[in-house]
2 protein chains.
Amino acid sequence: MAEPLTREQILDTTEQVLRRFGLDKTSVVDVARALGVSHGTLYRHFASKAALKEAVAERWLHEVSTPLGKIAGEEGSAFDKVRSWIERLVHIKQSKAKEDPELFAMYNALAEESVEVITAHIHELIAQLTKIVEEGMKSGEFQKGNAHEQAAAIFYATARFHHPALAKEWASSHIQEEFKQVWSLITSGLVKKS
Amino acid sequence: MAEPLTREQILDTTEQVLRRFGLDKTSVVDVARALGVSHGTLYRHFASKAALKEAVAERWLHEVSTPLGKIAGEEGSAFDKVRSWIERLVHIKQSKAKEDPELFAMYNALAEESVEVITAHIHELIAQLTKIVEEGMKSGEFQKGNAHEQAAAIFYATARFHHPALAKEWASSHIQEEFKQVWSLITSGLVKKS
DNA sequence: CAAATGACAAAAATTAATATTTGTCATTTG
DNA sequence: CAAATGACAAATATTAATTTTTGTCATTTG
């Protein structure tokens with residue numbers, strides 16, 4: 001307690017308080033109380049409540065992008081990797097949503113308050129996918145083309161299964177099947193090969 | 001005014017009042033006043049305020065499904081038709097959202113209150129698409145398979161461009177390009193043809 | 001007598017007074 | 001003297017009293 005307050009300590013405690021009280025009911029005073037400091041102190045570490053929430057959102061999104069980045073960095077066929085990557089993304093989002101829907105909704109609301117944080121997160125994810133797609137184009141597994149555009153297309157074509165705004169629909173008993181069908185459409189294409 | 005009140009008259013006026021006052025500020029009394037009747041009268045035509053709103057939502061969604069149904073019924077190549085159908089769907093949604101975002105949000109909120117109405121609407125749309133896909137499979141334009149599943153996959157893979165929950169993202173300057181890339185991915189597929 | 005009314009109770013929403021929260025900064029503490 | 005405090009004003013949110021709204025139904029109207 002005599003130690004100086006760190007940014008990570010504040011973020012840990014902020015998350016705890018947010019989980020207990022919820023996004024709307026959490027005040028800076030609540031966070032300060034949980035840390036045993038005055039609320040003025042928090043303003044020496046974060047410029048505003050918005051900046052504090054932004055930092056929490058950023059950290060939460062890194063929990064998604066970090067394991068995915070590992071998959072993108074592995075060895076192996078690009079086809080297997082792109083499939084693992086997307087399936088992992090879908091699984092992370094859907095399992096968080098299923099385990100604790102309220103908490104999932106709260107973190108998403110938190111993230112939505114910080115457009116820039118979300119934008120950076122999406123760019124990071126598409127950059128990871130781009131890397132895999134580039135490999136697949138080089139190895140001859142995938143059709144040649146603009147890897148970044150192709151990666152974005154894969155990401156957006158699967159949005160139904162990982163975009164938080166569509167989380168309500170993940171409760172459907174067909175969602176797993178639908179993902180498989182979309183994935184098959186993306187990989188094989190609609191049009192008959194001549 | 002001596003004429004008996006019709007269901008369509010009530011729905012027309014309800015829409016007018018909703019557009020003026022908004023979803024939250026519109027009461028059954030407001031609608032009755034605009035019609036020049038007592039609010040008790042409306043309950044002889046609709047079981048509840050929810051039922052009245054449901055009927056408005058249903059009518060609004062038919063404005064989407066009706067023109068699309070015409071495309072599905074036309075003559076011509078299945079490939080052209082599936083493309084026209086999806087492009088039309090995307091265009092209807094995005095232009096409504098762009099022209100009057102508040103009104104678009106209101107009608108969507110209205111529709112979201114009636115899960116069954118939305119479910120029926122989506123089923124109708126996918127049934128239309130299924131018809132086109134079936135033709136394409138018969139004519140040899142498309143790969144053979146389960147037409148309904150394939151239609152659903154096309155619908156869901158393009159959700160980013162027509163699902164109202166994602167309307168915020170349609171303002172992006174890249175949205176048109178992204179649609180083209182997703183469409184090309186869906187038709188040609190990611191994997192290199194041997 | 002079919003269609004509409006309007007008075008009514010219960011539920012829901014609004015309002016305005018009250019209290020909390022955010023953000024600042026001069027002062028205090030170790 | 002760097003780090004933290006706490007008193008303060010302005011902005012925001014909560015609460016509880018008041019009003020409106022929903023839905024019903026016995027009565028009225030054409």
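Order of the sequence lines fixes the chain letters, A, B, ..., with proteins taken first and strands second; residue numbering starts at 1 for each chain.
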Produce a footprint string for nucleotides 24-30 of chain C: one letter per nucleotide, 5' end first; B if the base is under 4.0 Å from any protein heavy atom, S if only the sugar-phosphate is, - if neither.
-> B------
State which of dG6(D), dA4(C), dT22(C) makes the closest approach to the side chain of Ser38(A).
-> dG6(D)
Between Thr13(B) and Gln9(B), is there a donor-acceptor pair closer than 3.5 Å when you use the side chain of the first and the backbone of the second?
-> yes
Is any side-chain nitrogen or oxygen of His45(A) closer than 4.0 Å to OP1 or OP2 of dA3(D)?
-> no
Hphob cluster co-occupancy, Val29(B) + Leu11(B), side-chain heavy atoms under 4.5 angstrom = no
What nucleic acid atoms does Val29(A) come within less than 4.0 Å of, heavy atoms only: base, sugar-phosphate, or nothing?
-> base
Check each residue of residues 10-23 of chain B for a non-hydrogen atom within less than 4.0 Å of any atom in DNA chain C, then write out the ones that pass by number, or none.
-> none
Look at the side-chain heavy atoms of Ile, Leu, Val, Met, Phe, Trp and Tyr, link any pair under 4.5 Å apart, and say whether Phe21(A) and Met106(A) land in one connected group.
-> yes
Can you name the salt bridge (Lys or Arg N to Asp or Glu O under 4.0 Å) partners of Glu149(A), sequence neighbours left out?
-> none
Val28(A) side chain, from C-beta outward: closest of dA4(D), dT21(D), dT22(C) = dT22(C)
For atom CD of Glu74(A), is the number of surrounding heavy atoms from other residues, nucleotides or ligands below 6.0 Å larger than 12?
-> yes
All N/O pairs under 3.5 Å across the protein-nucleotides 10-17 of chain D interface:
residue	atom	partner	partner atom	Å
dT14(D)	OP1	Lys25(A)	NZ	3.2

Double-helix bend of the helix from dC1(C)-dG30(D) to dG30(C)-dC1(D), axes at both ends from 5 pairs, round to 10°, gives 10°
Residue pairs fulfilling ring pair (Phe, Tyr, Trp, His ring centres under 6.0 Å) with at least one residue in residues 33-69 of chain B, sequence neighbours excluded = Trp60(B)-Tyr107(B)
Quick one: side-chain hydrogen bond (donor to acceptor under 3.5 Å, both in side chains) pairs with a partner in residues 22-32 of chain A, sequence neighbours left out?
-> Ser27(A)-Asp30(A), Asp30(A)-Arg33(A)
Kindly determine whether Ile154(B) and Val182(A) satisfy side-chain contact (heavy atoms from CB on, under 4.5 Å), including the steps that lead there.
-> CA-CA 7 Å; Ile154(B) 295 168; Val182(A) 166; over 6 Å; no
Are side-chain heavy atoms of Glu169(A) and Glu178(A) found at a separation under 4.5 Å?
-> no
Return the 5'-most residue of the pair Asp30(B), Leu42(A) with respect to DNA chain D, ranking by each residue's nearest nucleotide.
-> Leu42(A)
Would you mind reading off the distance between Arg44(B) atom CZ and dA2(C) atom C1', rounded to a whole angstrom?
-> 7 Å
For residues 90-100 of chain B, the side-chain hydrogen bond (donor to acceptor under 3.5 Å, both in side chains) pairs (sequence neighbours left out) are Glu63(B)-Lys96(B)
Which ring pair (Phe, Tyr, Trp, His ring centres under 6.0 Å) pairs, counting each pair once, include a residue from residues 173-192 of chain A, with sequence neighbours left out?
-> Phe161(A)-Phe179(A)
Residue pairs, two or more places apart or on separate chains, that pass ring pair (Phe, Tyr, Trp, His ring centres under 6.0 Å) and touch residues 119-143 of chain B = none
Under 4.0 Å from any atom of DNA chain C, heavy atoms only: list the residues of residues 48-58 of chain B that qualify, in numerical order.
-> none
May I have the distance from Arg33(B) (atom CZ) to dG6(C) (atom P), rounded to whole angstrom?
-> 14 Å
Could you tell me whether Gln176(B) atom CD has more than 12 heavy atoms of other residues or ligands within 6.0 Å of it?
-> no
Between Val17(A) and Ala34(A) the two heavy atoms that sit nearest each other are CG2-CB, 3.6 Å
Residues in salt bridge (Lys or Arg N to Asp or Glu O under 4.0 Å) with Glu8(B), at least two apart?
-> Arg59(B)
Side-chain N or O of Thr41(A) less than 4.0 angstrom from OP1 or OP2 on dT5(D)?
-> yes
Residues Glu112(B), Lys168(A): salt bridge by 4.0 Å N-O rule = yes
